[in-house]
Number of protein chains: 2
Amino acid sequence: MLQDKEVITLAVVDDHPMILEGVQRVFQPEQGVTVAGTFTNGNDFLGFLQQQQVQVALLDITLPDMSGVELCRKVKQLCPDTCVLAFTNHQERAVVMQMLQNGAGGYLLKNMGPEEFLQCVREAIQGQITFSAEVKQIMARPTPQDLKSIPPLTRREKQVLQLVAEGKTNPQMAEELSVSILTVETHRKNLMQKLEVKNAAALVKAALECRLL
Amino acid sequence: MLQDKEVITLAVVDDHPMILEGVQRVFQPEQGVTVAGTFTNGNDFLGFLQQQQVQVALLDITLPDMSGVELCRKVKQLCPDTCVLAFTNHQERAVVMQMLQNGAGGYLLKNMGPEEFLQCVREAIQGQITFSAEVKQIMARPTPQDLKSIPPLTRREKQVLQLVAEGKTNPQMAEELSVSILTVETHRKNLMQKLEVKNAAALVKAALECRLL
DNA sequence: CCAAAACTACCATGAATATGGTAGAAAAAA
DNA sequence: TTTTTTCTACCATATTCATGGTAGTTTTGG
């Protein structure tokens, strides 16, 4: 869709100025890439996009005003032709999946070298889904953890879970939530069932692992 | 101890090549700073130091072969005159303290801008303890969490803690550790006492917060 | 070698938890 | 407006846990 000979225009969004500097140093016109803009937050970049398009957008996941995933979706809405690449430290398979679901054209980890970086961007321009070497590994072997999705909890269940983690007993929770002890017991039971554990200690551990707390 | 007019020699250790590029772009001879070397791991840098000294060393905390704290100590042993600055994303007060205890001359967060960065390095050269703006904040208002130190656990206690978090019951643990149930109960009791909690759920949460699991 | 930790074990008792159900009312989704 | 969740409540029972102790035996560090 794009000619190889054209100069590629690229933008970077990252809350670490030093990364922005680094990207500008790596992508020089000699390599056929121009850095059209660098931004430390998502909204600045979205503003920029309304005036000027870029062919490649490099997005960090952790940004001050919104997540990179969210930003990715908004960018693709605004400019469907822009190739969005994650450029981040997050190694979680789930995050990679989220980016892809929101239209990202690839996922790069910051610990890769400049050569690989250039190579990936060139691949991405040609319309290929692009992963840096380590990401390929991550995608290739999903852990059992990755495969079991986090069960949806009801509002009450989340409250009870929170209180359980704080060490509250059933009578205390019943008091605090103004319900009967028996009700609290039911929620607790359902929580343990959903997270497939057999007692409160394991429940708290599982919940923390799923970032439910 | 060092003249202002001299060109400052600086080295960077960071596992993200892009950060190394960025630092090289920011510190130009025009600013009176030469980047004498960049490294992606601690050992490479230590090797380099035996041949050539630098006035400032920027160290990330997360490195492939050793922690930045450890590296800091080794650098100061080898070259006491080198000013070691942390240059990292870690915002934990405890990490800052550890770096200082190991001889660091300052602590900088990667989210600061190039100007502040230059300013800090210049300050550091003059022998001042240097913090980037955000770090000053962090040091100024320690949370209650920061103040209570993690209680030392015995070997057995750690084992029991681990098993409790896995959801094991006292009889199961007794079995697994080949001790009496009564003994397990005692360890559990001591654990809860040390972490100042009143039941297993809160114990697991506290342990995870203190990174004991 | 001696002292201090750490590990082990014991016990009694009351409180809390886990587990199997059932089931009506309320709220949210279709 | 149905239908489906969610929230609520109840019950019995077996386990498990928490808490207060005491105290002998190993390790470990000085």
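Each chain gets a letter, A, B and so on, in the order its sequence line appears, and its residues count up from 1.
Put simply, CG on B/Leu153 is 16 Å from P on C/dA5, counting in whole angstrom units. Atom CG of A/Leu163 is separated from atom P of C/dT17 by 12 Å (rounded to the nearest Å). One interatomic measurement links the two molecules: CD1 of B/Ile181 to P of C/dC11, which rounds to 12 Å at whole-angstrom precision. With rounding to whole Å, B/Gln172 atom CD is found 13 Å from C/dA18 atom C1'. For the pair A/Arg188 CZ and D/dT8 P, the interatomic distance rounds to 16 Å; values are reported in whole Å. Rounded to whole Å, the distance from CD on B/Glu185 to P on D/dT22 is 17 Å. Atom CG in A/Leu203 sits about 16 Å away from atom C1' in D/dC17, given to the nearest Å. Nucleotide C/dA18 holds its P atom 17 Å from the NZ atom of B/Lys168, rounded to whole Å.
For A/Ala200, the listed nucleotide lying nearest its side chain is C/dA18; candidates were C/dA18, C/dC10, D/dG21. Distance from the side chain of A/Lys189 is smallest for C/dT19 among the nucleotides C/dT19, D/dG20, D/dA18. Out of D/dT8, D/dA18, C/dA16, the shortest distance to the side chain of A/His187 is found at D/dT8. In the set C/dT19, C/dA9, D/dA18, D/dA18 carries the atom at the smallest distance from any side-chain atom of B/Met192. The side chain of B/Thr169 sits closest to D/dT16 out of D/dT19, C/dT19, D/dT16. For A/Leu182, taking side-chain heavy atoms from C-beta onward, the closest of the listed nucleotides D/dA18, C/dT17, D/dC11 is D/dC11. Of the candidates C/dG21, D/dC10, C/dC10, C/dC10 carries the atom nearest the B/Thr186 side chain, counting heavy atoms from C-beta on.
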Query - B/Phe27/B/Phe117 under ring-ring contact (aromatic ring centres under 6.0 Å, His included): CA gap, chis, key distance, verdict - result: CA-CA 9 Å; B/Phe27 294 102; B/Phe117 197 1; 4.8 Å; yes
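The nearest heavy atom of DNA chain D to A/Ser178 and to A/Lys194 marks one nucleotide each, and the one closer to the 5' end goes with A/Lys194. The nearest heavy atom of DNA chain C to B/Asn199 and to B/Pro152 marks one nucleotide each, and the one closer to the 5' end goes with B/Pro152. Between A/Gln193 and B/Glu157, it is B/Glu157 whose nearest contact on DNA chain C lies nearer the 5' terminus.
Among the heavy atoms of the strands lying under 4.0 Å from B/Lys198 are primed sugar atoms or P, OP1, OP2 only; no base atom is included.
Within 6.0 Å of atom CD in A/Glu175, 12 or fewer heavy atoms from other residues, nucleotides or ligands are found, so the atom counts as exposed in its surroundings. More than 12 heavy atoms of other residues, nucleotides or ligands lie within 6.0 Å of CD in B/Glu92, so this atom counts as buried by the packing criterion.
In terms of phosphate contacts, B/Asn170 brings a side-chain nitrogen or oxygen within less than 4.0 Å of OP1 or OP2 of D/dC17. OP1 or OP2 of C/dC10 has at least one side-chain nitrogen or oxygen of B/Ser180 nearer than 4.0 Å. Note on B/Thr183: a side-chain N or O is less than 4.0 Å away from OP1 or OP2 of C/dA9. The phosphate of C/dT8 (OP1 or OP2) has a side-chain N or O of B/Arg156 nearer than 4.0 angstrom. Between B/Arg155 and D/dT28 there is a side-chain N or O to OP1 or OP2 distance below 4.0 Å.
Results of the side chain to side chain donor-acceptor pair (under 3.5 Å) test with B/Gln159 over B/Arg156, B/Gln162, B/Arg155, B/Glu157 single out B/Arg156 as the only residue that passes.
At a threshold of 4.5 Å between non-hydrogen side-chain atoms, the residues B/Asn89 and A/His16 count as touching.
With respect to B/Lys110 and B/Asp14, a salt bridge is recorded, a charged nitrogen being found less than 4.0 Å from a carboxylate O.
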